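Computed from a prediction, not measured in an experiment: that's the story for all the values here.
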Amino acid sequence: MDYRNIKLDVRDGTAVLALARPERKNAFDLDMRAEIADAVARVRDDSAVRALILTGEGGDFCAGGDLRAMSQGPIEAIAGRERMRAAHRWIRPLIELDRPVIAAVDGVAFGAGFSLALTADIVLITARARFSMSFMRVGLVPDCGAFYTLPRAVGLQRAKELILSARVVEAEEALRLGIAMEIVPTEQLMDRARAIAASFAAASGTVVSLVKDAFTHGGSDDLAAALHFEAAAQGVAFSTEYHRSAVRDFLDKKPLKFNWPAR
């Protein structure tokens, strides 16, 4: 597929998926959604990709759904449901991707743009970043997985408040609430995202996949299920050559392969 609304750059084990409709603050339309679906599938199927970065061009992450595209006429309930099911064909693979996903957020992340940021494992923001579950303002419910991802980031009561108020969350509050992991100077945002992504080239891909699967499917809200998954996952991890090699390096006082990049 030829991309007109996004850019996908894959090099040195890192894929960067950039929303590229800056004149519309990178708002989603159906064409962009189809292109994202194709890009996510390409990343998922490329074993050389060790991490994915999501970002937006032009000083904004994503303003949500393109209301101009939605205003062409009423959408019947069944058609609206199928429209969202089409989005789920890339939202779910993105949430379930077995490699780290990093969102680099500058400017607005409103509506589905906020939801898109929440699909990431790590959210880096600039001081200009602003988030809003703006759906209530236009008579819609949150989509793109937000009912799943938002409570897991901020807790159930705060998730309800953010959805029902549709208020704007500035960068410092986003950090306090757990929506973002770090506030980074604007000019350093992509460098920081790339440094974190590059560090996973030296990590155990098996363990990264197991950790992500644990949080998504491992029954983290149920103690028995979580312990069952933990035992099975650790059994797999114990069996890997990566683990045995790391133990040898540790005992021989050699540097370990994986290190989180310092800021």
Fill in: Residue pairs fulfilling side-chain hydrogen bond (donor to acceptor under 3.5 Å, both in side chains) with at least one residue in residues 97-116, sequence neighbours excluded
Asp106-Thr126, Asp106-Arg128
Discussion item. Apply the hydrophobic cluster definition, ILVMFWY joined by side-chain contacts under 4.5 Å directly or through others, and give me every member besides Leu251.
Written reply: Val247, Phe250, Leu256
Discussion item. Taking side-chain contact (heavy atoms from CB on, under 4.5 Å) as the definition, give me every residue that meets it alongside Val207, ordered by chain and number, with sequence neighbours left out.
Written reply: Ser204, Val211, Ala237
Worksheet item: Got a second to check how far Glu96's CD is from Asp213's CG, nearest 0.5 Å?
Response: 8.0 Å
Practice prompt. Could you tell me which residues satisfy ring-ring contact (aromatic ring centres under 6.0 Å, His included) with His243, sequence neighbours excluded, listed by chain and number?
Written response: Phe238
Item to complete: Identify the two heavy atoms, one from Leu175 and one from Ala180, that lie closest to each other, and give their separation to 0.1 Å.
Response: CD1-O, 3.6 Å
Worksheet entry | Minimal non-hydrogen separation, Ala129 against Val105, with atom names | CB-O, 3.8 Å
Practice prompt. Would you check, one step at a time, whether the test side chain to side chain contact (heavy atoms under 4.5 Å, CB included) holds for Leu19 with Ile36?
Written response: CA-CA 9 Å; Leu19 308 185; Ile36 294 172; 3.8 Å; yes
Discussion item. I'd like to check Leu52 versus Leu97 (side-chain heavy atoms, cut-off strictly below 4.5 Å). Are they in contact?
Written reply: yes
Discussion item. Does Gln157 have more than 12 heavy atoms from other residues, nucleotides or ligands lying within 6.0 Å of its CD?
Written reply: no
Practice prompt. Could you tell me whether a side-chain N or O of Glu57 sits under 3.5 Å from a main-chain N or O of Ala18, the two making a donor and an acceptor?
Written response: no
Discussion item. Quick test of your reading: applying salt bridge (charged side-chain N to carboxylate O under 4.0 Å, His left out), list the pairs with at least one residue in residues 224-234, sequence neighbours left out, ordered by first then second residue.
Written reply: none
Worksheet item: Looking at side-chain heavy atoms only, is the closest gap between Leu116 and Leu94 below 4.5 Å?
Response: yes
Worksheet, complete the sentence: In terms of heavy-atom contacts, Ile163 and Pro142 come closest through CG2-CG, 3.6 Å
Discussion item. Just checking His88: does its NE2 atom have more than 12 heavy atoms from other residues, nucleotides or ligands closer to it than 6.0 angstrom?
Written reply: yes
Worksheet item: Taking C-beta and beyond as the side chain, do Met136 and Ser165 meet within less than 4.5 Å on heavy atoms?
Response: no
Item to complete: Nearest 0.5 Å please: distance from the NE2 atom of His228 over to the CG atom of Asp222.
Response: 11.0 Å
Discussion item. Which residues pass the side-chain contact (heavy atoms from CB on, under 4.5 Å) test with Glu173, not counting sequence neighbours?
Written reply: Arg167, Val169, Arg176, Leu177
Worksheet item: Can you list the steps and then say if Thr216 with Tyr148 is a side chain to side chain contact (heavy atoms under 4.5 Å, CB included)?
Response: CA-CA 10 Å; Thr216 307; Tyr148 175 83; 3.7 Å; yes
Discussion item. Is there a path of hydrophobic side-chain contacts, each under 4.5 Å between heavy atoms, that joins Ile6 and Val10?
Written reply: yes
Discussion item. So, using side-chain contact (heavy atoms from CB on, under 4.5 Å) as the criterion, who are the partners of Ile91 when residues are at least two apart?
Written reply: Ile95, Thr119, Cys144
Worksheet item: Which atom names give the shortest non-hydrogen contact between Ser134 and Gly111, and what distance separates them?
Response: OG-N, 3.2 Å
Worksheet item: Taking atom CG of Asp60 and atom OG1 of Thr55, what is their separation to the nearest 0.5 Å?
Response: 10.5 Å
Fill in: NZ/NE/NH1/NH2 to OD/OE distance under 4.0 Å, Asp9 and Arg194
yes
Worksheet item: CG/Asp31 to CG/Asn5 distance, rounded to the nearest 0.5 angstrom?
Response: 6.0 Å
Discussion item. Heavy-atom count check: over 12 atoms from other residues, nucleotides or ligands less than 6.0 Å from Lys25 NZ?
Written reply: no
Worksheet item: Quick one: CZ on Arg192 to CD on Glu187, what's the gap to the nearest 0.5 Å?
Response: 14.5 Å
Discussion item. Under 4.0 Å between a side-chain nitrogen and a carboxylate oxygen: does that hold for Asp29 and Arg21?
Written reply: yes
Worksheet item: Less than 4.5 Å apart, any side-chain heavy atom of Phe131 and any of Leu162?
Response: no
Worksheet item: Can you check whether Pro100 reaches Ile122 side chain to side chain, under 4.5 Å on heavy atoms?
Response: no
Response to the item:
Apart from Val168 itself, its cluster of hydrophobic side chains linked below 4.5 Å comprises Val108, Phe110
Worksheet entry | Closest approach of Val43 to Ala15 (non-hydrogen atoms, all atoms of both residues) | CG2-CB, 3.9 Å
Item to complete: Please identify each residue that fulfils ring-ring contact (aromatic ring centres under 6.0 Å, His included) with Phe61, with sequence neighbours left out.
Response: none
Worksheet item: Run the side chain to side chain contact (heavy atoms under 4.5 Å, CB included) check on Arg263 and Val184 step by step: do they pass?
Response: CA-CA 9 Å; Arg263 286 189 64 178; Val184 183; 4.2 Å; yes
Item to complete: Check for a donor-acceptor pair, side chain of Arg137 on one end and backbone N or O of Ala166 on the other, with a separation under 3.5 Å.
Response: yes
Item to complete: Please answer: with hydrophobic residues joined when any side-chain heavy atoms are less than 4.5 Å apart, are Phe147 and Leu150 in the same cluster?
Response: yes
Worksheet entry | Heavy-atom check, side chain of Val154 versus side chain of Glu161, under 4.5 Å | no
Worksheet item: With distance as the sole test, does Asp249 use its side chain to make a donor-acceptor pair with the main-chain N or O of Lys257 at under 3.5 Å?
Response: no
Worksheet, complete the sentence: Minimal heavy-atom distance between Ala112 and Asp143, with the atoms involved, is CB-OD1, 3.7 Å
Fill in: Partners passing ring-ring contact (aromatic ring centres under 6.0 Å, His included) against Phe200 (at least two apart in sequence or in another chain)
Phe258
Worksheet item: Considering only heavy atoms from C-beta outward, does the side chain of Thr206 approach that of Tyr242 to under 4.5 Å?
Response: no
Item to complete: Would you list the pairs meeting salt bridge (charged side-chain N to carboxylate O under 4.0 Å, His left out) in which at least one residue belongs to residues 37-51, sequence neighbours left out?
Response: none
Item to complete: Answer yes if Val101 and Val123 sit in the same cluster of Ile, Leu, Val, Met, Phe, Trp and Tyr residues linked by side chain heavy atoms under 4.5 Å apart, and no otherwise.
Response: yes
Item to complete: Among Ile, Leu, Val, Met, Phe, Trp and Tyr joined by side-chain contacts under 4.5 Å, find the other residues sharing a cluster with Val236 and list them by chain and number.
Response: Leu210
Discussion item. Assigning hydrophobic clusters by single linkage (Ile, Leu, Val, Met, Phe, Trp, Tyr; side-chain heavy-atom cutoff under 4.5 Å), is Val40 placed with Met32?
Written reply: yes
Discussion item. Count I, L, V, M, F, W, Y as connected when their side-chain heavy atoms are under 4.5 Å apart, and connections chain through other members. Are Phe215 and Ile196 then in the same cluster?
Written reply: no
Worksheet item: Rounded to the nearest 0.5 Å, how far apart are CZ of Phe28 and CZ of Arg33?
Response: 6.0 Å
